[in-house]
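For reference, the structure discussed in these notes is given below.
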Amino acid sequence: MKRIFLPLLISTLSFHTFANDNTDVSQPKISGFYAGVGFGSFGYSEEDSWGYSNNPISAEADGNSTKVYLGYQFNKIVGIEGTYTNYGEAKAKVGNYSMKPSSISLAANLGYTFKNGIRPFGLVGMSSLDLNQSEELLIDDSGAAFKFGFGVEYTPKALGGVQFRAAYEMDMYAVEYLDYQSGAGLTTETNLYALDSLYVGASYKF
């Protein structure tokens with residue numbers, strides 16, 4: 001009996017291992033920690049020109065953005081992601097004023113992973129933003145920003161945990177500045193700003 005049972009047990013375990021291996025290969029890796037880097041464009045927009053009314057300031061983006069992102073995907077739908085973004089430089093259209101903003105964000109990554117490895121997703125969260133101004137013209141040089149984005153990620157089955165993505169992300173924030181208006185004197189005004197990036201990235205899921 002033992003002579004029959006032992007080969008049968010070995011055959012069963014071998015088949016179970018083979019089946020699990022096939023399942024792992026045929027499906028993209030779902031849950032786990034991942035780390036990646038990205039590179040893309042830098043966009044800067046403002047609600048209105050700012051500074052003194054008799055000498056308004058307006059800036060425009062110059063350069064590219066780089067990103068480092070870390071996260072954990074719990075299942076096919078939900079994940080959490082932290083990102084460090086070094087934006088390019090925003091230069092004043094007139095004068096020497098500039099800013100080199102960077103942000104650290106934490107966001108929910110919500111999407112769906114299909115069997116072919118494609119995963120459309122959206123990002124919603126908050127950022128800690130540092131404008132790094134060349135001159136202290138804005139009262140709040142750093143603060144909180146609303147972070148959102150969307151994109152598509154692809155995990156080739158043949159490459160294990162390697163992932164590629166193309167995405168768009170934005171940090172939106174409000175900053176106060178001092179404005180001098182004739183007749184009203186020095187007043188405090190608030191302006192809305194947005195920093196955005198269209199980028200491609202590569203990561204590895206452990």
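- Salt bridge annotation for Glu81-Lys67: absent, with no cationic side-chain nitrogen under 4.0 angstrom from a carboxylate oxygen.
- Here the closest heavy-atom approach between residue Ala194 and residue Met170 is recorded as CB-SD, 3.9 Å.
- A donor-acceptor contact closer than 3.5 angstrom is absent between the side chains of Ser102 and Asn86.
- Note: the hydrophobic cluster containing Val162 also contains Phe206 (ILVMFWY, side chain heavy atoms under 4.5 Å, direct or indirect links).
- When hydrophobic clusters are built by joining Ile, Leu, Val, Met, Phe, Trp and Tyr residues whose side-chain heavy atoms come closer than 4.5 Å, directly or via intermediates, Leu110 is grouped together with Tyr112.
- By the rule that hydrophobic residues join a cluster once side-chain heavy atoms approach within less than 4.5 Å of another member, Tyr72 and Val124 end up as members of separate clusters.
- Within the model, atoms NZ of Lys147 and OG of Ser105 stand 3.0 Å from one another, a figure rounded to the nearest 0.5 Å.
- Contact annotation: the side chain of Asn109 approaches that of Arg119 to within less than 4.5 Å [non-hydrogen atoms, C-beta and beyond].
- For Tyr173 and Tyr193, the ring centers sit closer than 6.0 Å to each other.
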Anything under 3.5 Å between a donor and an acceptor, one on a side chain of residues 35-42, the other on a protein residue two or more places apart or in another chain? List them.
from, atom 1, to, atom 2, distance (Å)
Ser41, OG, Leu198, N, 3.3
Ser41, OG, Leu198, O, 3.4

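- The distance from atom CZ of Phe114 to atom NZ of Lys76, rounded to the nearest 0.5 Å, is 9.5 Å.
- Closest approach of Asp171 to Ser103, counting heavy atoms only: OD2-OG, 3.0 Å.
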Walk me through whether Tyr87 and Asp196 qualify under side-chain hydrogen bond (donor to acceptor under 3.5 Å, both in side chains). CA-CA 8 Å; Tyr87 289 103; Asp196 63 76; over 6 Å; no

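- Between Ser203 and Gln163, the side chains place a donor N or O and an acceptor N or O closer than 3.5 Å (distance only, hydrogens not considered).
- A cation-pi arrangement is present between Arg165 and Tyr69, with the terminal nitrogen or guanidinium carbon under 6.0 Å from the aromatic centre and inside a 45° cone about the axis.
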Candidate pair Glu153 and Phe121, rule side-chain contact (heavy atoms from CB on, under 4.5 Å), full reasoning: CA-CA 8 Å; Glu153 202 159 52; Phe121 66 90; 4.1 Å; yes

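- Separating the OH atom in Tyr204 from the OG1 atom in Thr155 is a distance of 11.5 Å, to the nearest 0.5 Å.
- In this structure, OG on Ser128 lies 11.5 Å from CG on Leu106, to the nearest 0.5 angstrom.
- The hydrophobic clustering, which links ILVMFWY residues whose side-chain heavy atoms are closer than 4.5 Å, places Ile80 and Leu70 apart.
- Going from atom OG of Ser45 over to atom CE of Met172 covers 7.0 Å, rounded to the nearest 0.5 Å.
- Checked by atom type, the side-chain pair Ser98/Glu89 shows a donor-acceptor distance below 3.5 Å.
- When every heavy atom of Lys205 is checked against every heavy atom of Ser31, the shortest pair comes out as CD-O, 4.0 Å.
- Side-chain contact between Thr85 and Leu195 is absent, with no heavy-atom pair separated by less than 4.5 Å.
- In terms of heavy-atom proximity, Asn75 sits nearest to Ile30 at C-CG2, 3.5 Å.
- Hydrophobic clustering, with ILVMFWY side chains joined whenever heavy atoms are under 4.5 angstrom apart, groups Ile77 together with Phe74.
- Residues Gly125 and Phe146 approach most closely at O-CD1, 3.7 Å, considering heavy atoms.
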Determine, stepwise, if the pair Thr113 / Gln73 fulfils side-chain hydrogen bond (donor to acceptor under 3.5 Å, both in side chains). CA-CA 10 Å; Thr113 304; Gln73 189 170 338; 3.2 Å; yes

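- Taking the centre of each ring, Tyr168 and Phe150 come in below the 6.0 Å mark.
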